Number of protein chains: 2
Amino acid sequence: MENRSGSVLQPDDTSLRVPMNKKRITSRELAKLAGVSSATISRAFSPESRIGSATRDRILSVAREHGYQPNAIARSLNNQRSRLVALVVNAIGNPCEAEDLQLLVYRLQDRQLLPILLCCADHEDRLQLIRLASTYQVDHVVVFSDTVSMQDAVDIFHTTRPIIVSSEPLDNADVSHIRIDGSEAADQIINKIVGDGRRRFGYLSGTATSWIDKKRKAWFADALEKRGLTFVAEASGDYSYDSGFKEAVLLLRRAKVDAIICGNDVMAIGAVDAARKVLGRRVPEDLAIVGQDGIAMAAWESHDLTTLSQDHVAFVDSIVALIERHEKDGDASHGILLECTARWGSTA
Amino acid sequence: MENRSGSVLQPDDTSLRVPMNKKRITSRELAKLAGVSSATISRAFSPESRIGSATRDRILSVAREHGYQPNAIARSLNNQRSRLVALVVNAIGNPCEAEDLQLLVYRLQDRQLLPILLCCADHEDRLQLIRLASTYQVDHVVVFSDTVSMQDAVDIFHTTRPIIVSSEPLDNADVSHIRIDGSEAADQIINKIVGDGRRRFGYLSGTATSWIDKKRKAWFADALEKRGLTFVAEASGDYSYDSGFKEAVLLLRRAKVDAIICGNDVMAIGAVDAARKVLGRRVPEDLAIVGQDGIAMAAWESHDLTTLSQDHVAFVDSIVALIERHEKDGDASHGILLECTARWGSTA
DNA sequence: TAGGATTGTGTAAGCGTGTACAATCATCAT
DNA sequence: ATGATGATTGTACACGCTTACACAATCCTA
């Protein structure tokens, strides 16, 4: 406590701004300053409250002068409403999740909701992490990550109905969910590729623990089966470019395929690079490659990927719609179904 | 395939788990159940407290049984410590920010700190948004976005010393900052390109409101000047691929240049694509292109970009270090300087 | 065995809000 | 003129937790 340094010892430096290190002022102190009770302060800051408009103006002016803002923590404790939303995500390094997240955050901000971000991918104890977030009494939870089970989410957030993104039809009454279905689009894609005369398909899947990945694979497997075909080679990466690149090299070296379906776009881009630069195969002439997600990057000239694409705007709209319905009637659980579409590039 | 669920109530579905919609139990209620006072409950959950280990075990067991977790909002109100960190970002759609953010979030989570994410780019009233976050009594603020001024950050977070990322040397005692300097690396890059015989440089800058962008340009302009050169053409985008693509086309059509420096990697990739696909110029033979950021994608085979790269790990380490120093001694403000490095690809 | 130190627990007072209820006051119809 | 009415504001408590303080029980030392 002896060797304090910095601006503390400069009482002269009083600019017009609120000085740093000044303890935050409370509503009771502001009440003194404005000559009213703290209840009136509170009313001045909640638009629905009945309060004389002259009083309100005066209070707001004094508040501005002293840099007062109501303490959201105290308000949350009282209200039983925190205006916080937990977003449980695998990792935002993946462009697909980053793009969706970006959109969602904007939409939440517009509604004065603040997102708490939880990244599960590299966290050894996901549940502990999510449990921590749940103690902040978040108003809503959106689970993007398929590495945390729906039942765990329900258990941890007793009081909040989670919004789950999945590819399975769910019948759990305790959650609302958005189901992504790409079977139709996968069928179109397979139809086109088979129509081009290709018969030997490989699948390059993402993380093994991901059950969304299994579902994605099933969409294509079903489409192949309808035509009397199956995957003749398989490999498994981790959704990263590097893994797509490496696994594609291995797969192409050990198996004769003329088409590869990849678990996501980033891996598909890696696979294209591997095929062209390492194996010297022409894409799409010698080898068709298909991604999944429909990220912006897939449409760049340098990639121009054919991909099973999700409608990102509709997706985020759905999440926001579910949040709004939960705010209205906390009781009901809802489900939304979203269909994917084929986005045609030059790689298949 | 038959699923298209609306809002369906299913009251019979009672599993063995903690039932949904059960109101969260409080410490006082748990105290009754465990036959102790609520103070003892609190002690059981704070490791430093003096409490009999038998009592603690019993309480923790009863707590688990009833799904009790201390309410972090109430705890924060009491402690004056929320364990929340505000991350003020432009947009996470940009891979550079997404990668840094990803790393940082992991590091915060390891320290039991929870990030509140604020995206400023498309938000009309940034300050209002940030003000909202400040009411949550966040323990720390990290400002990545150069669209919000340092002084605004200080004003809004009176009580918290913001951590600012900038490219200017700051002498504001109220903030800690991390300064990114790329002048040395820019000089190396220019040296190499000039050594290759190129003399006509163009600059493709990012968002006009960004002053980091100005600084980046200055690094290269200075390096050119040292060699008696200047930028002979300029254009301005918004850090996106599309803008990089479009502006590069325009720039290349109206000016004769043999090298383009871009404000970030994503724009550089767009410029490369434009040069090759639209203008039919060979990169790097006819035209050198350089990016900035050093995102993972820049190193992909399909791009193999030469770029002025930041050390992302060191960057995030610095932020974490500043946070830890602030936790230790809230009084002092600190500064950290990070040098960029040149990362050589095949585009220059 | 006494007296102090140590340990474990309860009591009560906040932390900064929102809000039900009471109180005040001006307005207005009778 | 008077009581009813509605608009404002103050008072007091609750939200769920932590912690200073008090107090009882146990332990140690001489």
Side-chain angles (χ1 to χ4, degrees), chain A residues 22-60 62-63 66-84 112 132 134-139 158-159, chain B residues 22-60 62-63 66-84 132 134-139 158-160:
Chain A
K22 183 175 163 184
K23 203 169 165 308
R24 208 171 279 268
I25 199 178
T26 81
S27 74
R28 254 189 293 264
E29 302 176 85
L30 189 69
K32 295 271 183 227
L33 293 170
V36 296
S37 77
S38 76
T40 304
I41 301 291
S42 170
R43 285 188 267 256
F45 279 90
S46 35
E48 329 74 55
S49 277
R50 291 216 306 241
I51 180 179
S53 56
T55 321
R56 164 171 282 151
D57 291 347
R58 184 162 47 89
I59 289 179
L60 290 183
V62 179
H66 292 268
Y68 171 83
Q69 291 267 117
N71 181 327
I73 296 290
R75 175 181 277 183
S76 302
L77 179 59
N78 191 311
N79 280 350
Q80 315 279 60
R81 188 149 189 326
S82 65
R83 307 201 71 86
L84 293 173
Q112 311 268 67
L132 174 62
S134 82
T135 65
Y136 282 80
Q137 320 298 105
V138 294
D139 291 343
H158 325 280
T159 182
Chain B
K22 181 174 163 182
K23 202 169 168 308
R24 210 171 278 266
I25 198 178
T26 80
S27 74
R28 253 189 292 266
E29 302 176 87
L30 189 68
K32 294 271 183 225
L33 294 170
V36 295
S37 77
S38 76
T40 305
I41 301 292
S42 170
R43 285 189 266 256
F45 279 91
S46 38
E48 327 74 54
S49 279
R50 286 191 343 204
I51 182 179
S53 56
T55 321
R56 163 170 285 150
D57 292 347
R58 185 162 46 89
I59 289 180
L60 291 183
V62 179
H66 293 268
Y68 171 83
Q69 292 266 116
N71 181 326
I73 296 289
R75 174 180 278 182
S76 302
L77 178 58
N78 191 308
N79 283 350
Q80 316 276 61
R81 188 152 188 323
S82 64
R83 307 202 70 86
L84 294 173
L132 174 62
S134 82
T135 65
Y136 282 80
Q137 320 297 106
V138 293
D139 291 342
H158 325 279
T159 182
T160 314

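What you are looking at is a predicted structure, and each value in this text was computed from that prediction instead of being measured. Residue numbering restarts at 1 for every chain, and letters A, B, ... go by the order of the sequence lines.
Looking at heavy atoms from C-beta onward, A:E29 lies out of side-chain contact with A:K23 at the 4.5 angstrom threshold. Looking at heavy atoms from C-beta onward, B:R81 lies in side-chain contact with B:D139 at the 4.5 angstrom threshold.
Rounded to whole Å, atom P of D:dT8 lies 11 Å from atom CZ of A:R43. Atom CG in A:N78 sits roughly 10 Å away from atom P in D:dG16 (whole-Å rounding). In this entry the distance linking CD1 of A:I25 with C1' of C:dT17 reads 15 Å, nearest Å. At whole-Å resolution of the value, CZ in B:R81 and P in D:dT19 are 12 Å apart. Across the protein-nucleic acid pair, A:K32 atom NZ and C:dG16 atom P stand 15 Å apart, rounded to whole Å. Remark: C1' of D:dT18 and CD of B:E48 are 11 Å apart, rounded to the nearest angstrom. Distance CD1 (B:I73) to P (D:dT18): 13 Å, rounded to an integer number of Å. The interatomic distance linking A:R50 (CZ) with C:dA23 (P) rounds to 18 Å, in whole Å.
Each of A:R28 and A:I51 was assigned the nucleotide of DNA chain D with the nearest heavy atom; the assignment lying further toward the 5' end belongs to A:I51. Of the residues near DNA chain D, B:L77 and A:R58, the one whose nearest nucleotide (by heavy atom distance) lies more toward the 5' end is A:R58. If B:G52 and B:N79 are placed on DNA chain C by their nearest nucleotide, the residue sitting closer to the 5' end is B:G52.
To the nearest 0.5 Å, atom OG1 of residue A:T135 and atom CD of residue A:Q137 are 7.0 Å apart.
Looking at B:T40, B:V36, B:I41 one by one, the single match for side chain to side chain contact (heavy atoms under 4.5 Å, CB included) with B:I51 turns out to be B:T40.
Phosphate contact (OP1/OP2 of C:dG16, side-chain N/O of B:Y136, threshold under 4.0 Å): absent. Between D:dG16 and B:S38, no contact under 4.0 Å exists linking OP1 or OP2 to a side-chain N or O. Proximity of B:S42 to the phosphate of D:dC17: no side-chain N or O atom is located under 4.0 Å from OP1 or OP2. Using a 4.0 Å cut-off, some side-chain N or O of B:T55 falls inside it from OP1 or OP2 of C:dT9. Between B:T26 and D:dG16 there is no side-chain N or O to OP1 or OP2 distance below 4.0 Å. The phosphate of C:dC15 (OP1 or OP2) has no side-chain N or O of A:K23 nearer than 4.0 angstrom. Look at B:S49 and you won't find any side-chain N or O under 4.0 angstrom from OP1 or OP2 of D:dT19. Of the side-chain N and O atoms in A:S37, none sit less than 4.0 angstrom from OP1 or OP2 of D:dT9. Between A:Q137 and D:dG16 there is no side-chain N or O to OP1 or OP2 distance below 4.0 Å.
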Checklist entry - Please walk me through it: do A:Y136 and B:Y136 pass side-chain contact (heavy atoms from CB on, under 4.5 Å)? => result CA-CA 11 Å; A:Y136 282 80; B:Y136 282 80; over 6 Å; no
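For A:R75 and C:dG18, a side-chain-to-base donor-acceptor distance below 3.5 Å is absent, hydrogens and geometry of angles not being considered. With hydrogens and angles ignored, no donor-acceptor pair under 3.5 angstrom links the side chain of B:R24 to the base of D:dG16.
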